Asker: 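The structure follows.
In what follows, chains are A, B, ... by sequence order, proteins preceding strands, each numbered from 1. These figures come from a predicted structure and were not determined experimentally.
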Protein chains: 2
Amino acid sequence: MSVNDVVYRKSRQRQKIYDLIKDMQNHPTAIWIYNSLKEEIPSLSLGTVYRNLNILLEQGLIHKVSFDGNCDRFDARIESHHHLICEKCGAVDDIFLPRVSDIYKDALKDKKFKITHHRMDFFGICEKCAKK
Amino acid sequence: MSVNDVVYRKSRQRQKIYDLIKDMQNHPTAIWIYNSLKEEIPSLSLGTVYRNLNILLEQGLIHKVSFDGNCDRFDARIESHHHLICEKCGAVDDIFLPRVSDIYKDALKDKKFKITHHRMDFFGICEKCAKK
DNA sequence: TTGATAACAGTAATGATTATTAAATATTTT
DNA sequence: AAAATATTTAATAATCATTACTGTTATCAA
Ligand SMILES: [Mn+2]
Ligand SMILES: [Mn+2]
Ligand SMILES: [Zn+2]
Ligand SMILES: [Zn+2]
């Protein structure tokens, strides 16, 4: 452990934030988390939500998913997976595509670029919105 | 043409902004475009850059590429392609992966989701940064 | 040439996120 | 257990990218 590493103590707020992200499949935003926990922890501050989200990110317990224009969303699923994003209602659904690793290899063939991770998002219309 | 559609007049500023994005392979940001054109058009305003970028987006002449945390970048390459993003220097390089369409089909099999487009970004270390 | 309106520059406002700070908690040491 | 030490919190201010507003100028069809 380097001198710069911080030892994080446990905190009720951080635990609740993590649990909420894990329980929800919504890929919630900071403000959504804040509003959801406000009732249970009335003293909660939005700054605390953001600070703890960054700690959870640092600890590798969650991932941040940034979408065009909108604010960041957070994901407690840390296994490699991808997203289906509805352009009408904004819903974000998970999808698992094992064959993506083949594309990795293709990418590495031509370019001398050391890939550490990737993101792949599909945009379109979800089943629900298509029915309307 | 619906009543809500706007007829865009030509403007020197917008043409210069578009040309710059097309000539550069950099995927430049709004502020970078602003600084680059300031010399040629001293009266140019950053708001004008943003407004015209949105018009060009609406016209489908450019694409916006949002990266985690940083500000938006713009791309005059509208053919489907993907990106290699260096996590050290922030450089954005283009890469063409024809086999991605196979993954599309896999995605469509399971879920009833009508995909209109997608994005795929690879993060890692570029050749230049790896040498240092 | 003129009337309508898009585009302009300048500036203010917005919205998401981060930084600051003093008080409240939690942990470690006496 | 009490004191000393370190971390977290809530509240608030600051920052940064982007958008909205306003009065003026440029474009273009009639
Ligand atoms: Mn997910
Ligand atoms: Mn590109
Ligand atoms: Zn939908
Ligand atoms: Zn690099």
Asker: Under 4.0 Å between a side-chain N/O of B:Thr48 and OP1 or OP2 of C:dC8, yes or no?
Answerer: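 The answer is no; no side-chain N or O of B:Thr48 sits under 4.0 Å from OP1 or OP2.
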Asker: Quick check: closest heavy atoms across A:Tyr34 and A:Leu46, and the distance to 0.1 Å?
Answerer: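 A:Tyr34 and A:Leu46 have their closest heavy atoms at CE1-N, 3.5 Å.
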Asker: Counting side-chain heavy atoms from CB outward, which of D:dT18, C:dA9, C:dA4 is closest to B:Ile41?
Answerer: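 Output: C:dA9.
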Asker: If I take atom OH in residue B:Tyr50 and atom C1' in nucleotide C:dA12, what distance separates them, rounded to the nearest angstrom?
Answerer: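 Result: 16 Å.
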Asker: Let me confirm one number: the CG-CD1 distance from A:Leu20 to A:Ile33, rounded to the nearest 0.5 Å.
Answerer: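 That separation rounds to 6.0 Å.
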Asker: Considering only C:dA16, C:dA9, D:dA10, which nucleotide approaches the side chain of B:Gln13 most closely?
Answerer: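 The closest nucleotide is C:dA9.
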Asker: Rounded to the nearest 0.5 Å, what's the gap from CZ on B:Phe74 to CD1 on B:Ile62? Could you check?
Answerer: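 Reported value, rounded in 0.5 Å steps: 6.0 Å.
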Asker: If you check every side-chain atom of A:Ser45, which of D:dT18, D:dA11, C:dA16 has the closest atom?
Answerer: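 Closest of the options to the side chain of A:Ser45: D:dA11.
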Asker: Using side chain to side chain contact (heavy atoms under 4.5 Å, CB included) as the criterion, point out the one residue from B:Leu37, B:Val49, B:Asn26 that pairs with B:Trp32.
Answerer: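 Testing B:Trp32 for a side chain to side chain contact (heavy atoms under 4.5 Å, CB included) against B:Leu37, B:Val49, B:Asn26 leaves exactly one candidate, B:Asn26.
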Asker: Looking at A:Ser43, does any N or O in its side chain come under 4.0 Å of the phosphate oxygens OP1/OP2 on D:dA10?
Answerer: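 Yes, within the criterion.
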Asker: Tell me whether the side-chain N/O atoms of A:Ser11 come closer than 4.0 Å to OP1 or OP2 in D:dT9.
Answerer: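 Yes, A:Ser11 has a side-chain N/O under 4.0 Å of OP1/OP2 on D:dT9.
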Asker: Counting Watson-Crick and G-U wobble pairs whose two distances are both under 3.5 Å, find the runs of 3 or more in a row that involve DNA chain C.
Answerer: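 As far as DNA chain C goes, consecutive pairing (with distances under 3.5 Å) yields the stems C:1-30 with D:1-30.
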Asker: For A:Trp32 and C:dA16, what is the distance between atoms CH2 and P respectively, to the nearest whole Å?
Answerer: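 Interatomic distance, CH2 of A:Trp32 to P of C:dA16: 16 Å.
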Asker: Closest nucleotide of DNA chain C for B:Tyr8 versus for B:Gly47: which of these residues is on the 5' side?
Answerer: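 Nearest nucleotide further toward 5': that of B:Tyr8.
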Asker: What is the distance from CG of B:Asn54 to P of D:dT18, rounded to the nearest Å?
Answerer: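 Result: 10 Å.
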Asker: To the nearest Å, how far apart are A:Phe67 CZ and C:dG15 P?
Answerer: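 So the CZ-P distance, A:Phe67 to C:dG15, works out to 21 Å.
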Asker: Atom CG of B:Leu53 and atom P of C:dA7: how far apart are they, to the nearest Å?
Answerer: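 For the pair B:Leu53 CG and C:dA7 P, the rounded distance is 14 Å.
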Asker: Kindly assign one of parallel, tilted or perpendicular to the pair A:Phe122 and B:His118, based on the angle between their ring planes and the thresholds 30° and 60°.
Answerer: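 Plane angle between 30° and 60°, so tilted.
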Asker: If you check the B:Asn52 side chain, which of C:dC8, C:dA16, C:dT5 turns out closest?
Answerer: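 Nearest to the side-chain atoms of B:Asn52, counting from C-beta on, is C:dC8.
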Asker: When the distance from CZ of A:Arg73 to P of C:dA16 is rounded to whole Å, what number comes out?
Answerer: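 A:Arg73 atom CZ is separated from C:dA16 atom P by 12 Å.
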Asker: Does any N or O in the side chain of A:Lys111 come within less than 3.5 Å of the main-chain N or O of B:Asp94, such that one atom is a donor and the other an acceptor?
Answerer: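 Yes.
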Asker: Does B:Asp72 or B:Lys10 map to a spot on DNA chain D nearer the 5' end, using the closest nucleotide for each?
Answerer: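 It is B:Asp72, whose closest nucleotide lies nearer the 5' terminus.
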Asker: Which of these nucleotides, C:dA26, C:dT17, D:dT18, is closest to any side-chain atom of A:Arg9?
Answerer: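 For the A:Arg9 side chain, the nearest candidate turns out to be C:dA26.
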Asker: Would B:Arg119 and B:Phe67 count as a cation-pi pair here, with the cationic atom under 6.0 angstrom from the ring centre and within 45° of the axis?
Answerer: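 Pair B:Arg119/B:Phe67 counts as cation-pi.
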Asker: Between A:Leu44 (CG) and D:dT12 (P), how many Å, whole number?
Answerer: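 Value for this atom pair: 15 Å.
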Asker: Any N or O donor-acceptor pair under 3.5 Å from the base of C:dA7 to the side chain of B:Arg51?
Answerer: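 Counting by modelled atom types and ignoring angles, no donor-acceptor contact under 3.5 Å is found here.
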Asker: May I ask you to decide if the ring planes of B:His83 and B:His27 are parallel, tilted or perpendicular, using 30° and 60° as cut-offs?
Answerer: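 Rings of B:His83 and B:His27: perpendicular, as their planes differ by over 60°.
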Asker: Rounded to whole Å, please give me the gap between CZ in B:Arg12 and P in C:dA9.
Answerer: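 Spelled out: CZ on B:Arg12 to P on C:dA9 is 10 Å.
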